[in-house]
Amino acid sequence: TLRGEKVSLISTANGDLGKLAAHHAIQLKDNEVATARYNLWVGDSIDRLKSNQATQQSLWRNIFAILDELEVAGQEHELLATEHVKATEAEQRRRQDHREYLDSHRKHTV
């Protein structure tokens, strides 16, 4: 009968709509899970980037501290080299004065 076919079609349509709604619900759940996973990945990536940035900044601070130490060491080296030159010159003068004294003493004793 026509009424029976109508009820059958409505029932089939409702069943198809139910299946479609269930399938849609599954897809929504899958999307929510994928979105949550992606958000975790993004959060972890941001944390790693922040950590890497902090490490890099620390390394740069260490490099600049080492460069400062090298500059100070270079200045100390220059100061020591200058002092060494002065001490060497003073020692050469002292030896020359001593030689002259000995020469003078020999001339007077001869």
Side-chain angles (χ1 to χ4, degrees):
T1 68
L2 196 54
R3 185 175 171 111
E5 286 182 33
K6 181 179 174 186
V7 169
S8 177
L9 283 174
I10 290 174
S11 177
T12 301
N14 284 337
D16 289 345
L17 285 175
K19 288 178 189 175
L20 191 59
H23 179 69
H24 183 67
I26 291 170
Q27 283 183 324
L28 283 176
K29 186 65 177 168
D30 289 347
N31 287 345
E32 287 173 4
V33 169
T35 300
R37 253 189 264 147
Y38 176 77
N39 288 340
L40 279 173
W41 178 81
V42 168
D44 288 345
S45 296
I46 290 171
D47 290 344
R48 281 193 307 277
L49 287 172
K50 286 179 181 177
S51 175
N52 288 345
Q53 182 182 25
T55 300
Q56 193 175 46
Q57 288 172 344
S58 175
L59 290 173
W60 277 114
R61 280 192 296 275
N62 291 343
I63 287 170
F64 286 127
I66 290 168
L67 289 175
D68 289 343
E69 289 176 20
L70 287 173
E71 183 178 353
V72 168
Q75 292 168 351
E76 289 174 355
H77 174 75
E78 287 179 27
L79 182 63
L80 288 173
T82 301
E83 291 299 318
H84 177 71
V85 167
K86 288 178 183 177
T88 301
E89 289 171 351
E91 178 64 17
Q92 287 173 346
R93 278 192 306 275
R94 186 192 67 72
R95 287 180 183 192
Q96 181 65 33
D97 290 347
H98 185 66
R99 275 193 298 275
E100 289 173 3
Y101 168 78
L102 289 176
D103 287 346
S104 172
H105 181 63
R106 281 187 202 122
K107 287 179 186 175
H108 289 289
T109 59
V110 174

When clusters are formed by joining ILVMFWY residues with side-chain heavy atoms under 4.5 Å apart, either directly or through shared neighbours, do Phe64 and Leu59 land in the same one?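 Hydrophobic grouping puts Phe64 apart from Leu59.
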
Step through the shown structure and confirm whether more than 12 heavy atoms of other residues, nucleotides or ligands are within 6.0 Å of CZ on Arg99.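 Counting neighbours around CZ of Arg99, more than 12 heavy atoms of other residues, nucleotides or ligands fall under 6.0 Å, so yes.
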
Checking side chain to side chain contact (heavy atoms under 4.5 Å, CB included) for the pair His98/Leu102: CA distance, chi angles, key distance, verdict? CA-CA 6 Å; His98 185 66; Leu102 289 176; 3.5 Å; yes

If the threshold is 4.0 Å, N to carboxylate O, is there a salt bridge linking Glu89 and Lys86? no

Just how far is it from atom [atom1] of [X] to atom [atom2] of [Y], taken to the nearest 0.5 Å?
{"X": "Lys6", "Y": "Leu9", "atom1": "NZ", "atom2": "CG", "value": "10.5 Å"}
{"X": "Asp97", "Y": "Gln92", "atom1": "CG", "atom2": "CD", "value": "12.0 Å"}
{"X": "Thr82", "Y": "His77", "atom1": "OG1", "atom2": "NE2", "value": "9.0 Å"}
{"X": "Leu17", "Y": "His24", "atom1": "CG", "atom2": "NE2", "value": "12.5 Å"}

Side chain to side chain donor-acceptor pair (under 3.5 Å) partners for Asp103, two or more places apart: Arg106

I'd like to check the side chain to side chain donor-acceptor pair (under 3.5 Å) partners of Arg93; sequence neighbours left out, ordered by chain and number.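 Applying side chain to side chain donor-acceptor pair (under 3.5 Å) to Arg93 gives none.
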
Working for side chain to side chain contact (heavy atoms under 4.5 Å, CB included), residues Lys50 and Ile46: CA-CA 6 Å; Lys50 286 179 181 177; Ile46 290 171; 3.7 Å; yes

Expected output: side-chain Thr55 to main-chain Ser51 donor-acceptor under 3.5 Å: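 Yes; at least one donor-acceptor contact below 3.5 Å.
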
For the pair Thr12 and Asp16, evaluate side chain to side chain contact (heavy atoms under 4.5 Å, CB included) and give the outcome as yes or no after the intermediate values. CA-CA 6 Å; Thr12 301; Asp16 289 345; 3.9 Å; yes

If only side-chain N and O atoms count, and only distance matters, is there a donor-acceptor pair under 3.5 Å linking Gln96 with Glu100? yes

Validation: residues 28-45 side-chain donor-acceptor distances under 3.5 Å, sequence neighbours left out:
residue, atom, partner, partner atom, Å
Thr35, OG1, Asn31, O, 2.7
Asn39, ND2, Thr35, O, 3.4
Ser45, OG, Trp41, O, 2.9
Ser45, OG, Arg48, NH2, 3.2

Go through Lys19 and His23 one step at a time and tell me if the side chain to side chain contact (heavy atoms under 4.5 Å, CB included) criterion holds. CA-CA 6 Å; Lys19 288 178 189 175; His23 179 69; over 6 Å; no

